[in-house]
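None of the values given here were measured: they were computed from a predicted structure. Along the sequence shown, residues carry numbers from 1.
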Amino acid sequence: MKPALALFVLAALLRLPWALHPAVPEADAADYLRLAGGILAGEGFVDAGGAPTAFRPPLYPLFLAALGASPRLACAAHAVIGALTCLLVVLLARRLGAPAPAPWIAGAMLALDPIHVAATAKLQSEILYQALLLGGLCLMVAPVRAPAREAAAGILFGLAVLTRAAAVPLLPVFAGWSVLRRPRAWRAAAAWAAGVLLAVAPWLVRNAAVMDAPVLTTQGGITLYSSYHPPGGRLLGVLAQDATVAQANAQGEVRADRELRAAAARDALADPLRTARLAALKLAFFWLPVDWEVGAGGGAVSAVYLFAVPLAALAAWQGPRRYALLLAAFAALAVFSAAVYGSPRLRFPYDPLLYVMAADALVGVRRRAWVAAWAALTGALWLSGTLLKQGLRSTAALLGLW
């Protein structure tokens, strides 16, 4: 109990100063805050023109609305949730069989990660999503399966989907693992699926009623289309604004989503070489050890993540069965990134999964000279600010990739 309290207090104390000075809401954050304001005003989920919208999943705007649409209160809640998430990392590592003291090392890595600490100050859905994801995983990998526990895990995963629709690619992975873990335990697997459906059903029913389609989100089309039409041919994460987008948007939110998905598919098939180049770029962005959007000061090195990557790879090599679920999740995310969208922000919520594996390997090699050297190098890169970003960009330019 004492180590858990110490870890929670450490993580919270690091995050609370950021919560006291929230970043000025802009882009996604400003839209989340606008949606929360509409909920508080009794207007429901409406766009800037007052029409019903399903562009963004509903849970994070509801979270903000429950806190009075106050950025400071929301960021304070981020600090508490982030600190609790560190304890969930410890629990997940234990349930996956990581040797002592690896679970505590994994929790400490998340607690100390400067990017995750700085993310507290921004009105972004990743922190809430991360907690729901880890909570669901902790329930799924519990040593004793029970329908009630599986249903609770499904509800948490369903709520995660309602926080970030990018969670959808993981659902088949978790569903398959739920069945294959114990094929005869069909009741537990069915309970998990029922939990997911129970969580997402109200939102789908609402959209069927007011949007004339039971969509989860209408953001997928523009995101997918933009990933095949990035500004300058390389700036991923910026929504495209061209004649195709304008024509689609003129037909309403749901139809625009469908038409832009179709347009993206046509463009991907029309030029396979260009599609392959963009897929490589998206994957590179997904694994990039540089923060672009989450923490304060875009372009800083994500030092703890960079330190963890080779150790996590070592753990995957040494114990692939122990971490089969986590590896399958990253495989699904990699495929999704190559096809749809790659960004360090997309990877950010899953950093704790890497830290669980990295801490496992670190226990076995902590006395090796290369570990100390690698820690020193990653620390130096972190202190160098945007130097790594500039170096990566220059190298990519020399290779004709940027």
Over-ring placement of K282 relative to Y228, 6.0 Å and 45° cut-offs: yes
Donor-acceptor pair, side chain of T53 and main chain of F45, under 3.5 angstrom: no
Short side-chain to backbone donor-acceptor contact, E150 and W192, under 3.5 Å: no
Q318, CD: over 12 other non-hydrogen atoms inside 6.0 angstrom: yes
Gap between atom CD1 of I115 and atom CG of L306 - 0.5 Å precision: 11.5 Å
Y323 side chain reached by L353 side chain, heavy atoms, under 4.5 Å: no
Candidate pair L311 and L354, rule side chain to side chain contact (heavy atoms under 4.5 Å, CB included), full reasoning: CA-CA 9 Å; L311 292 167; L354 276 175; over 6 Å; no
Check: V290 main-chain N/O paired with S302 side-chain donor or acceptor under 3.5 Å: no
Heavy-atom pair of closest approach, residues A359 and A106: CB-N, 3.6 Å
Y305 side chain vs W287 backbone, donor-acceptor pair below 3.5 Å: yes
L132 vs L59 side-chain heavy atoms within contact, under 4.5 Å: yes
V196 side chain near I155 side chain, heavy-atom distance below 4.5 Å: no
Over 12 foreign heavy atoms within 6.0 Å of CD, Q247: no
Audit row: L204, V215, side chain to side chain contact (heavy atoms under 4.5 Å, CB included) steps and yes/no: CA-CA 6 Å; L204 298 181; V215 293; over 6 Å; no
Any donor-acceptor N/O pair, T378 side chain to A375 backbone, under 3.5 Å: yes
Side-chain heavy-atom pair P61, I39 within 4.5 angstrom cut-off: yes
Distance-only polar pair, side chains of T218 and E253, donor-acceptor under 3.5 Å: yes
side-chain hydrogen bond (donor to acceptor under 3.5 Å, both in side chains) partners of residues 197-213, not counting sequence neighbours, each pair once: none
Atom pair CZ/OH of F286 and Y341 - distance to nearest 0.5 Å: 11.0 Å
Side chain to side chain, L123 and P22, heavy atoms closer than 4.5 Å: no
Shortest non-hydrogen separation from P99 to V363 and the atoms involved: O-CG2, 4.3 Å
For the student: nearest non-hydrogen atoms of P57 and T217, plus distance: CD-OG1, 4.4 Å
Cation-pi geometry met for R347 and F330 (6.0 Å, 45°): no
Salt bridge flag under 4.0 Å for residues R277 and D271: no
Evaluation steps, side chain to side chain contact (heavy atoms under 4.5 Å, CB included), between V245 and D242: CA-CA 5 Å; V245 174; D242 59 19; 3.2 Å; yes
side-chain hydrogen bond (donor to acceptor under 3.5 Å, both in side chains) contacts touching residues 57-73 (sequence neighbours left out): Y60-H78
L137 CG to L96 CG distance, which is reported to the nearest 0.5 Å: 8.0 Å
Exam field: side chain T275 to backbone A268, donor-acceptor pair closer than 3.5 Å: yes
Separation between OG of S125 and CG of L162, rounded to the nearest 0.5 Å: 11.5 Å
Salt bridge (Lys or Arg N to Asp or Glu O under 4.0 Å) between R322 and D360, worked out: CA-CA 11 Å; R322 175 183 296 172; D360 187 339; 2.5 Å; yes
Check: R15 side chain, A11 main-chain N or O, donor-acceptor pair, under 3.5 Å: yes
Heavy-atom closest contact (A332 atom, V173 atom, distance): CB-CG2, 3.6 Å
pair L260-L224: side-chain heavy atoms closer than 4.5 Å: no
Distance-only polar pair, side chains of H116 and D351, donor-acceptor under 3.5 Å: yes
V254 side chain reached by R258 side chain, heavy atoms, under 4.5 Å: yes
Exercise: identify the closest heavy-atom pair between D257 and G221: OD1-N, 2.6 Å
Of all pairs that satisfy side-chain hydrogen bond (donor to acceptor under 3.5 Å, both in side chains), the ones with a partner from residues 89-113, not counting sequence neighbours: D113-Y355
Closest approach of G158 to V200 (non-hydrogen atoms, all atoms of both residues): O-CG1, 3.7 Å
CZ on R164 to CZ on R56, rounded to 0.5 Å: 10.0 Å
Atom CH2 of W317: over 12 foreign heavy atoms under 6.0 Å: no
Side chains of V309 and P289 in contact at under 4.5 Å (non-hydrogen atoms): no
Pairwise distance CG(L159) to CG(L133) - rounded to 0.5 angstrom: 12.0 Å
Any side-chain donor near an acceptor of the partner, Y225 and D267, under 3.5 Å: no
Candidate pair L84 and L88, rule side chain to side chain contact (heavy atoms under 4.5 Å, CB included), full reasoning: CA-CA 7 Å; L84 289 172; L88 290 175; 5.7 Å; no
